[in-house]
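Here the structure comes first, spelled out in structure tokens, and everything after it is commentary.
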Amino acid sequence: MTNKKTFSIGGIHPDKYKITSDCPITDAGLPETVYIPVKQHIGSPAKILVKKGDKVKVGTLLADADGIVSSDVHSSVSGEVTKVEEVEGEFGYLESMITIKVEGDEFEPSIDRSDDIVKEIPFTHDEIIEKIRSAGVVGMGGAGYPTPVKTSVPDNKKIDCLILNGIECEPFLTADDRLMVEKAEQIVIGAKIINKILGIQNAVIAIDENKPLAIETLTQITKRYIGVNVQICKTKYPQGGERQLIKAVTGREVPSGRLPMDVGCIVQNVGTVFAIYEAVMKNKPLFERIVTVSGDECKNPQNFRVRIGTPASWLIEKCGGISDDTAQIIFGGPMMGTSAVNVNAPITKLTSGILLLSDRLSHKEPEQDCIRCGKCVDACPVGLRPFLIARYTKENMIAELRDINVLDCIECGSCAYICPARIPLLDYCKLGKMEVKKTKK
Amino acid sequence: MDNVIFSNVIVLSAIALAAAIILYMVSKKFNVIENPRIDEIEKTLPGANCGACGKAGCRNFAESCVKADEKSFQNLYCPVGGTAVMQKIAAVLGYSAQEKEPTVAVLKCNGTCQNAPAKIAFDGVISCRLADKISVGQSGCPNGCLRFGDCVKVCKFDALHIDPQTGIPVVDENKCTSCGACVNICPRRLFVIRPKGKNGERVYVACSNTQKGAIARKNCKTACIGCMKCVKICPEVVVENNLSRIPKSVSASRYGAELAQNCPTGAIIYKPAHKNEASDDK
């Protein structure tokens, strides 16, 4: 095997709990109603184009991107629009959503529904960008940055490295893992498409060493494609972070306050790359994604292909429902995901998993005094001093917080995970960042 | 032996004398002439350095007062000291002080544990500002009090406390200086500075929820539903975004009791006047 790489400073090794890594992706089916939020990305919400009573098909444009940093939103089902108003979202706040009552399963005629793998890329640079834009593809790793913006590189910057992020370092989640096993060739073609946009010839697929099946499948397939290589990485959290991955794969460090573009790298999640393949080759807008439903309280953990807008509760019901011992339901991964207030909230383009956790895993011990062990400093992948951030945040010392670069925190939660005094360091870091940003304005 | 002691004393005295002369000369040469009135004014100020006046501490406020002419002096006001302190400052400067009604911070939410019961349990959340980011809060009201007490932590005058019975902060009228720290820290902007009223008599809407009545009432018994009943009693009351607002100009003694009695949800709170001004009655 080739040498295994990893990033140099910090990192932790949480328990993996990858219980669904052998479960094939199954189609979740169609719920009775879907709720499609108009804001599933970073930037301004999309402008709604439909009204109550409109008939839509799968892939119909529901809302149009408003501005450059925004994204189109498409219908994931066929049926009738019953409501265009604010519905309670994942956090309990009202969010603007389009409610569609499902009738049948009729697709827009332009979508290619066959399973054939199209290998030739006959499109030009501009055509590809336009196809990705009109398919509403956003970064599916969690941030939701619109992909066309991320792949449009300004003329003065030169990209020489494309990294496909197949790390999935969060415990429990296996959506990307299964996607790499089952849609390996499509992902490699997707990488070639991005290559064509960037005008380069090489791509690196970075995979954790704890995904042997994905590594094997992709190594076999990449033999047939020149320029695409698999890079095995040591399992460590948060290797899936953009900056950490660049450091691991290329050895380059993205300076504070700069973008990966500045060091000649572009990182794309494998889920995004698959969505790009489908958008360009199959004319398929982003209306479904892979979601892992798991957790130690989940009776029947599975990987699903889910239509965007499906209520999470409906998906949980398919896996055996919520048991009495479930203490917390998390959207996303256990390290960086958010605790859901409303279980009826819909799956968005960014929901990589739904986790049902018992009290044992979700319980927070009461905070004790810092014993100055320095474990948080060792664990921080950015090289910050979380104990100091906590101290300054408590005392509301904004200038000092800025001086110790609190804004570089990636909110990975490694410090809070490792702290033997159970200090909620992540909360303090988030609060400190908020305060610093507030005074900046 | 004696010689050694004598010589030591003489040498050290000489050094001390030389140092004293240098210090004296330096202090004369680099003397900063400061207006003595700054010190005089600073003495009259409360000395809390709270920043409520908009200046960086009491000293800075005193400097601004001295610098100000008669007209711009009217824009300076120490909310903590109130009119009494301003009159003293004006006397020092020879200006006339403006009269301002004493004010107090008022919580525009009555989402107590009883009125708006908790639906979800938080585990180890450290601050309201963070809780506001991650969810609507325990009661489910997107505009209501989160009950984690950021305002209590920020209050420099010990005027705010979380009532263990109700879970929401209570303002101690006698201690509150209306410095505005709680107004700025609350992520949901639930505090407003209102006139204290004669003998503490005042009327206000204790709700900030702008949702439609039916939705608001699901989460909280005392939510304002924008029913307009208060407008019929007193036409000065404004209802915007399903939320009633009683302007400061509405006379509490004339309308207060009637407004509070007729509010169907009890969102309007009327505080009657103290019988004895010195009493500690909340």
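Naming: A, B, ... by sequence-line order, numbering from 1 per chain.
Heavy-atom proximity under 4.5 angstrom to chain A picks out R129(B), L130(B), D132(B), K133(B), I134(B), S135(B), V136(B), P142(B) from residues 129-151 of chain B.
Residues forming a side chain to side chain donor-acceptor pair (under 3.5 Å) with T338(A) (at least two apart in sequence, or on another chain): E90(A). By the ring pair (Phe, Tyr, Trp, His ring centres under 6.0 Å) test, Y17(A) is found to be paired with F172(A), residues two or more places apart in sequence or in another chain being considered. Y77(B) is linked by a ring pair (Phe, Tyr, Trp, His ring centres under 6.0 Å) to nothing, counting only residues two or more places apart in sequence or in another chain.
For K39(A), the NZ atom counts as densely surrounded, since its 6.0 Å shell holds more than 12 non-hydrogen atoms of other residues, nucleotides or ligands. The number of heavy atoms from other shown groups lying within 6.0 Å of CZ (R391(A)) does not exceed 12. By the 6.0 Å contact criterion, CZ on R188(B) is enclosed, its count of non-hydrogen atoms from other residues, nucleotides or ligands being greater than 12. Atom OH of Y35(A) is surrounded by 12 or fewer heavy atoms from other residues, nucleotides or ligands within 6.0 Å.
Within the model, atoms NZ of K212(B) and CG of L94(A) stand 10.0 Å from one another, a figure rounded to the nearest 0.5 Å.
Heavy atoms of E435(A) lying under 4.5 Å from chain B belong exclusively to its side chain.
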